[in-house]
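This report concerns only the one structure given below.
So that the names make sense, note that chain A is the first sequence line, chain B the second, and so on, each numbered from 1.
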Protein chains: 2
Amino acid sequence: MDFTLDQLGALEAIARTGSFARAATELRRVPSAITHTVTTLEAALGVALFDREKRPRLTRDGEHVVELARGVLERARALERAAGVLSTGWESELRVVVDGSLPMDPLMTCLRRFADPSVPTVLRVDVEYQDGVMERFRSGADVALLHGLDFDGDERGLQLRALPPLEMLLIASADHPLARAAVTEASRAEHAELIVRDSSTRFESRSRPSFIGSRNVVYLSDFHSKRLALLAGAGYGWIPGHLVADVLASGALVVLEASPSRWTYQPQLATREGQGLGRGAQLFVDTLLAAADAPEG
Amino acid sequence: MDFTLDQLGALEAIARTGSFARAATELRRVPSAITHTVTTLEAALGVALFDREKRPRLTRDGEHVVELARGVLERARALERAAGVLSTGWESELRVVVDGSLPMDPLMTCLRRFADPSVPTVLRVDVEYQDGVMERFRSGADVALLHGLDFDGDERGLQLRALPPLEMLLIASADHPLARAAVTEASRAEHAELIVRDSSTRFESRSRPSFIGSRNVVYLSDFHSKRLALLAGAGYGWIPGHLVADVLASGALVVLEASPSRWTYQPQLATREGQGLGRGAQLFVDTLLAAADAPEG
DNA sequence: ACTGAAGGTTCAACTATACTGAAGCACAAT
DNA sequence: ATTGTGCTTCAGTATAGTTGAACCTTCAGT
């Protein structure tokens with residue numbers, strides 16, 4: 001690769017303006033510099049770009065090279081533009097990881113916002129469960145939406161912002177045996193508990209103990225499956241209230257009589273402490289908090 | 001555009017090899033040169049490409065820039081390859097103009113030859129009629145296939161190669177009135193003569209006189225139309241024998257009894273004198289002459 | 001045919017830029 | 001601790017691009 005973008009730019013300027021002299025003015029150089037640039041390029045490519053019989057005129061090969069040069073310059077200018085955007089503080093990509101137990105509506109608002117062409121940052125969202133969330137955050141995500149239930153507090157280096165509190169409910173189908181009377185530890189042990197599997201890869205083998213031990217445990221991959229399984233009467237289990245509000249209202253599912261049967265938790269928006277937020281991250285945080293506080297928006 | 005292909009190449013080498021040092025060896029430079037190149041590029045783009053907290057590691061923005069850089073380099077390498085081809089004597093494009101009265105089979109052989117991916121030159125063929133052929137040749141075609149009928153000889157600067165001779169025949173449909181007896185000047189004038197229109201743009205108005213004057217003249221745009229018109233009995237006219245060999249054999253068309261009613265002409269392959277042929281032109285000439293001499297090939 | 005203006009080239013001197021090599025620092029592995 | 005690898009800094013050097021003046025050619029106008 002013994003030619004430069006500068007040479008290609010000069011060639012393109014000559015081809016466009018139609019003369020060495022005009023190209024020179026445009027590039028704020030002296031004509032002889034253009035001559036030199038062109039001869040150097042011709043030597044580098046081994047191609048006679050200009051016919052110098054009289055006034056220099058592009059040869060057919062020259063035209064061909066100009067076409068290719070335009071392709072190179074186009075890509076180079078695209079890079080330049082992208083770099084310009086990056087240098088103004090927009091990240092090329094913003095990686096967000098969200099706990100699957102949280103409401104997705106505010107996130108959808110963010111996705112819409114980032115789909116706007118005026119937002120140059122590309123948004124990447126990963127839905128994880130339990131430890132999988134922090135694992136992915138540690139492996140490079142910029143923002144994490146944590147459910148905040150089993151949040152140890154020993155995780156330092158995090159800057160947290162509270163999201164509206166949510167409720168976990170102990171639920172079963174209305175015609176499930178456990179729904180007929182107050183739940184005891186013994187009655188509970190007779191039935192299958194539905195649990196959403198931890199999506200962490202590190203703790204593949206370590207099965208997280210349920211809130212209250214149960215003989216039979218069914219692991220599910222996400223809360224949507226869990227909701228379906230609960231509706232099908234396959235077992236009982238904890239599930240975020242916002243996911244079952246409709247079927248609770250309709251009476252298909254019921255909150256079990258147990259203590260506790262409700263558990264309020266405090267979701268958190270986490271970013272890395274210390275390093276300031278880029279413009280993309282800031283926009284995401286602002287948009288998400290606004291959407292979470294005013295779910296109707 | 002204040003960065004160079006060289007800088008992008010260095011960045012790509014670092015990204016690919018995973019270290020400044022390996023990139024330096026690959027580029028046959030000293031490590032400090034790589035450092036310098038990278039810092040210069042970062043300054044030019046205004047983007048922190050590497051995280052220098054510890055061992056330099058590409059930032060996410062850096063990865064993004066690398067992606068774009070690969071795009072630029074890919075195009076640049078394509079240009080380099082194309083230039084390499086051009087510098088070995090292959091033209092980027094070979095323009096051939098052919099008189100529409102000539103047999104097209106040898107030309108088709110050439111087209112097949114140039115369709116081979118190992119032939120980098122792009123073949124462009126224009127079919128013209130009469131003066132249109134030379135006009136296009138003058139306006140830039142590299143090779144002309146002339147019918148040689150009205151070749152003035154005053155056209156200098158041409159290098160000619162003879163093609164197999166052909167015959168013009170004075171033809172009409174078998175049931176045309178002129179086919180019934182020997183043709184006289186008077187009987188000829190009573191019937192329409194079919195003529196292929198000159199495709200030259202310069203002589204739009206100048207209608208070329210027919211071989212023998214006729215009262216009614218029908219101008220057609222090509223010999224295929226002329227053949228159809230002859231078959232339809234729309235008139236009489238001169239047409240190359242090879243275009244009507246089949247219908248003469250079947251008896252649908254006949255050669256008129258006139259003198260002359262046959263005219264042997266000597267097609268020529270013309271190139272510009274003085275400047276040697278490029279590899280594409282040479283290949284074309286060789287292929288065409290071979291195909292013309294051995295039409296079965 | 002002459003003339004002047006504009007475009008292009010050549011050349012030597014200059015300037016800016018990239019490269020080298022030595023020295024030094026940071027980190028990782030032993 | 002110690003060694004080795006990888007990166008950076010810096011000063012000197014080499015390379016490559018830029019300038020400006022002189023010259024040549026072409027083209028348009030007289």
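One can place CZ of B:Arg28 at 19 Å from C1' of C:dA18, the figure rounded to the nearest angstrom. When the C1' atom of C:dT17 is taken as reference, atom CG of B:Leu41 falls 15 Å away, rounded to whole Å. Taking atom CD1 of residue B:Ile14 and atom P of nucleotide D:dC7, one finds them 8 Å apart after rounding to whole Å. The separation between A:Asp51 atom CG and D:dT25 atom C1' is 14 Å, rounded to whole Å. In this structure, B:His36 atom NE2 and D:dA11 atom P are separated by 14 Å, rounded to whole Å. Atom pair A:Phe50:CZ and D:dT25:P shows a separation of 21 Å (rounding to whole Å applied). Protein atom CG of A:Asp6 is 21 Å distant from nucleotide atom P of D:dT15, rounded to whole Å. The nearest whole Å value for the distance from the CZ atom in B:Arg29 to the P atom in C:dT20 is 7 Å.
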> Checking side chain to side chain contact (heavy atoms under 4.5 Å, CB included) for the pair A:Asp99/A:Val127: CA distance, chi angles, key distance, verdict?
Replying inline: CA-CA 6 Å; A:Asp99 191 291; A:Val127 180; over 6 Å; no
>> Run the side chain to side chain contact (heavy atoms under 4.5 Å, CB included) test on A:Leu289 and A:Val285 for me, step by step, so that the C-alpha distance in whole Å, both residues' side-chain angles and the decisive distance to 0.1 Å come before the verdict.
In response: CA-CA 6 Å; A:Leu289 291 179; A:Val285 170; 3.8 Å; yes
> After noting the C-alpha distance and the side-chain angles of B:Leu146 and B:Val133, does the key distance pass the side chain to side chain contact (heavy atoms under 4.5 Å, CB included) rule?
Replying inline: CA-CA 7 Å; B:Leu146 308 166; B:Val133 179; 3.5 Å; yes
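Summarising the local packing, CZ of B:Arg52 is surrounded by more than 12 heavy atoms from other residues, nucleotides or ligands at distances under 6.0 Å. Taking a 6.0 Å sphere around CD of A:Glu74, one finds it holds 12 or fewer heavy atoms contributed by other residues, nucleotides or ligands. The 12-atom threshold is exceeded at CZ of A:Arg16, counting heavy atoms of other residues, nucleotides or ligands nearer than 6.0 Å.
Rounded to 10 degrees, the angle separating the terminal axes of the helix from C:dA1-D:dT30 to C:dT30-D:dA1 is 30°, with each axis obtained from five end pairs.
The nearest pair of heavy atoms linking A:Glu93 to A:Asp142 is O-OD2, 4.0 Å. In terms of heavy-atom proximity, A:Leu73 sits nearest to A:Leu5 at CD2-O, 4.0 Å.
Proximity of B:Val119 to B:Leu283: side-chain heavy atoms (C-beta onward) are separated by under 4.5 Å at one or more points.
If you check distances only, the side chain of A:Ser32 does reach the base of D:dG20 with a donor-acceptor pair under 3.5 Å.
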Tabulate protein N/O versus nucleotide N/O from nucleotides 5-8 of chain C, keeping only pairs under 3.5 Å, one per line.
{"unit_1": "C:dG7", "atom_1": "O4'", "unit_2": "A:Arg55", "atom_2": "NH2", "d": "3.4"}
{"unit_1": "C:dG8", "atom_1": "OP1", "unit_2": "A:Phe20", "atom_2": "N", "d": "3.3"}
{"unit_1": "C:dG8", "atom_1": "OP2", "unit_2": "A:Phe20", "atom_2": "N", "d": "3.0"}
{"unit_1": "C:dG8", "atom_1": "OP2", "unit_2": "A:Ala21", "atom_2": "N", "d": "2.6"}

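Applying the 4.0 Å criterion to OP1 and OP2 of C:dC19, one finds that B:Thr37 has a side-chain N or O inside that range.
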